[in-house]
Amino acid sequence: PMTPPIIGITTYNYKPTGNFYSPAGYTQAVQSAGGIPILLPPVQSDPTVILNQVDGLIFTGGGDIDPDLYNGSPHPTIYGTDPERDQAELALAKLALAKHKPVLGICRGLEVLMVASGGDLVSHLPDEFGEDILHREEMLKPSQHTVRIYADSQLSGIMGKEELTVVSWHHQTVRTLPQGWQVVAKAADGLIEALEHKQHPFAIALQWHPELSLPDSRHFAIFQALIQAASFDQDELNPKSFHLQTTGWGCG
């Protein structure tokens, strides 16, 4: 039998208590999809060593990225910045993309992948997109809204539906699309909700939280796809020939 792939999951650095932690949904999703989850604290380690030990990565949600890292503007709503986490995750993301390691970015994780690729962010999206669609109710409360996935995308092949309801919990988003990435989903207000890398076998970034909708098979499928991608020898993959072989969904 194939050895289950090891998936590294980035963690929060909760300084008031001195703990590293991760919401349970990420770990539950990886384990249920057939992977072995391990938590990666935001310490300054050689990212090459980490990549040699894992088969795939999830860049998780959390506080905001320091605007200085993408030449952004300060805003009073920016919260939870963590220089150690920013530095560790950006270094890991840059190398993972360069080495074609399967990666899934979720919420802040999307923003990490965008900044690591040379993009920048909108510091507070209501200032530019308004509040007809709430992407979070308040700082500690998520919201729900629909997104439309582009029909010809890898993500559409995985999730199997062009429109679905998502759990949203963010106030920042990508502004400038980095080279190599393409938009594959948007909300009705035009906000970018998902991206894929065009030259990478499996690099997908979601602005919403699929780990908060695991009973819905369409959201769970994104974790199954990550496990499938992480089960292959990355040297044998290329973005144009990669196909997932499971019942009901696939990439192509």
Kindly indicate whether the side chain of Gln207, heavy atoms from C-beta on, has any atom under 4.5 Å from the side chain of Thr173. yes
For the residue pair His145 and Val166, establish whether any side-chain heavy-atom pair is separated by less than 4.5 Å. yes
Quick one: do Val183 and Val115 end up in the same hydrophobic cluster if we chain Ile, Leu, Val, Met, Phe, Trp and Tyr together by side-chain heavy atoms under 4.5 Å apart? yes
Please check this pair: side chain of Asp55 against backbone of Ile6, looking for a donor-acceptor N/O pair closer than 3.5 Å. yes
May I ask whether Ile106 and Leu39 are part of the same hydrophobic cluster, defined by side-chain heavy atoms of I, L, V, M, F, W, Y residues being less than 4.5 angstrom apart, directly or through others? yes
Minimum side-chain heavy-atom gap Phe223-Leu104 below 4.5 Å: yes
Same apolar cluster: Ile58 and Phe20, side chain cutoff 4.5 Å: no
Would you please say whether a donor-acceptor pair under 3.5 Å links the side chains of Thr11 and Ser22? no
Output yes when a side-chain donor or acceptor of Ser153 lies under 3.5 Å from a complementary backbone atom of Tyr150, and no otherwise. yes
Let's go through Asp120 and Thr176 carefully: what are the C-alpha distance in whole Å and the side-chain angles of both, what is the deciding distance for side-chain hydrogen bond (donor to acceptor under 3.5 Å, both in side chains) to 0.1 Å, and is it a yes or a no? CA-CA 5 Å; Asp120 62 0; Thr176 304; 2.6 Å; yes
Counterpart residues, ring-ring contact (aromatic ring centres under 6.0 Å, His included), relative to Tyr21 (two or more places apart): Tyr12, Tyr14
Tightest non-hydrogen contact, residues Ile50 and Ser45, listed as CD1-CB, 4.3 Å
In sequence, state the C-alpha distance, the side-chain angles, and the governing distance for Gln154 and Phe202, and then conclude on side chain to side chain contact (heavy atoms under 4.5 Å, CB included). CA-CA 9 Å; Gln154 185 183 33; Phe202 190 96; 4.0 Å; yes
Verdict with reasoning, Ile204 to Val103, per side chain to side chain contact (heavy atoms under 4.5 Å, CB included): CA-CA 7 Å; Ile204 293 178; Val103 293; over 6 Å; no
Between Ser117 (side chain) and Pro178 (backbone), is there a donor-acceptor pair under 3.5 Å? no
Taking atom OH of Tyr70 and atom CG of Leu90, what is their separation to the nearest 0.5 Å? 11.5 Å
Determine the minimum heavy-atom distance between Leu110 and Glu193, stating which atoms define it. CD1-O, 4.3 Å
For residues Ser213 and Val167, report the shortest heavy-atom separation together with the two atoms involved. OG-CG2, 3.4 Å
Give a yes or no answer on whether the side chain of Ser32 reaches the backbone of Gln28 with a donor-acceptor pair at less than 3.5 Å. yes
Could you tell me whether Arg148 and Glu163 make a salt bridge, using a distance below 4.0 angstrom between a side-chain N and a carboxylate O? yes
Kindly give the heavy-atom pair with the smallest separation between Leu121 and Gln172, and that separation in Å. CD1-OE1, 4.4 Å
Specify the closest pair of heavy atoms between Arg85 and Pro42, including all atoms of both residues, with the distance to one decimal. CA-CB, 3.6 Å
Does Leu155 offer a backbone N or O that forms a donor-acceptor pair with the side chain of Glu196 under 3.5 Å? yes
Distance col, row His209:NE2 vs Leu214:CG, nearest 0.5 angstrom, shows 12.5 Å
Show the numbers, then the answer: is there a side chain to side chain contact (heavy atoms under 4.5 Å, CB included) between Ile7 and Ile38? CA-CA 6 Å; Ile7 306 299; Ile38 63 170; over 6 Å; no
Rounded to the nearest 0.5 Å, what separation is found between the CG atom of Asp64 and the CD1 atom of Ile78? 6.0 Å
Looking at residues at least two apart in the chain, or sitting in another chain, which of them share a side chain to side chain donor-acceptor pair (under 3.5 Å) with Glu84? Asn13
Please work out whether the ring planes of Trp208 and His219 are parallel, tilted or perpendicular, with thresholds of 30° and 60°. perpendicular
Should side-chain heavy atoms under 4.5 Å link Ile, Leu, Val, Met, Phe, Trp and Tyr, which residues sit in the same cluster as Val49? none
With a 4.0 Å cut-off, would you call Asp86 and Arg108 a salt bridge? yes
Write down the atom of Ile158, the atom of Ala225, and the distance for their closest heavy-atom approach. CD1-CB, 3.6 Å
Would Trp181 and Leu69 show up in the same hydrophobic cluster when neighbours are defined by side-chain heavy atoms closer than 4.5 Å? yes
Before giving the answer on side chain to side chain contact (heavy atoms under 4.5 Å, CB included), spell out for Ile149 and Met159 the whole-Å C-alpha distance, their side-chain angles and the decisive distance to 0.1 Å. CA-CA 9 Å; Ile149 301 173; Met159 303 191 77; 3.8 Å; yes
Surrounding CD of Gln179 (heavy atoms of other residues, nucleotides or ligands, distance under 6.0 Å), is the total greater than 12? no
Out of the candidates Glu111, Glu89, Met114, only one should pair with Ile65 under the side-chain contact (heavy atoms from CB on, under 4.5 Å) rule; please name it. Glu111
Does any N or O in the side chain of His200 come within less than 3.5 Å of the main-chain N or O of Ala98, such that one atom is a donor and the other an acceptor? no
So which of Leu40, Leu57, Val54, Val30 actually passes side-chain contact (heavy atoms from CB on, under 4.5 Å) with Ile9? Val30
What's the spacing between Ile222 CD1 and Glu211 CD if we round to 0.5 Å? 12.0 Å
As an exercise, state the distance from OG1 of Thr81 to CG of Asp66, rounded to the nearest 0.5 Å. 6.0 Å
Run Thr146 and Thr165 through side-chain hydrogen bond (donor to acceptor under 3.5 Å, both in side chains) and show every step you take. CA-CA 4 Å; Thr146 60; Thr165 300; over 6 Å; no
Output for pair (Leu92 CG, Thr48 OG1), nearest 0.5 Å, gives 9.5 Å
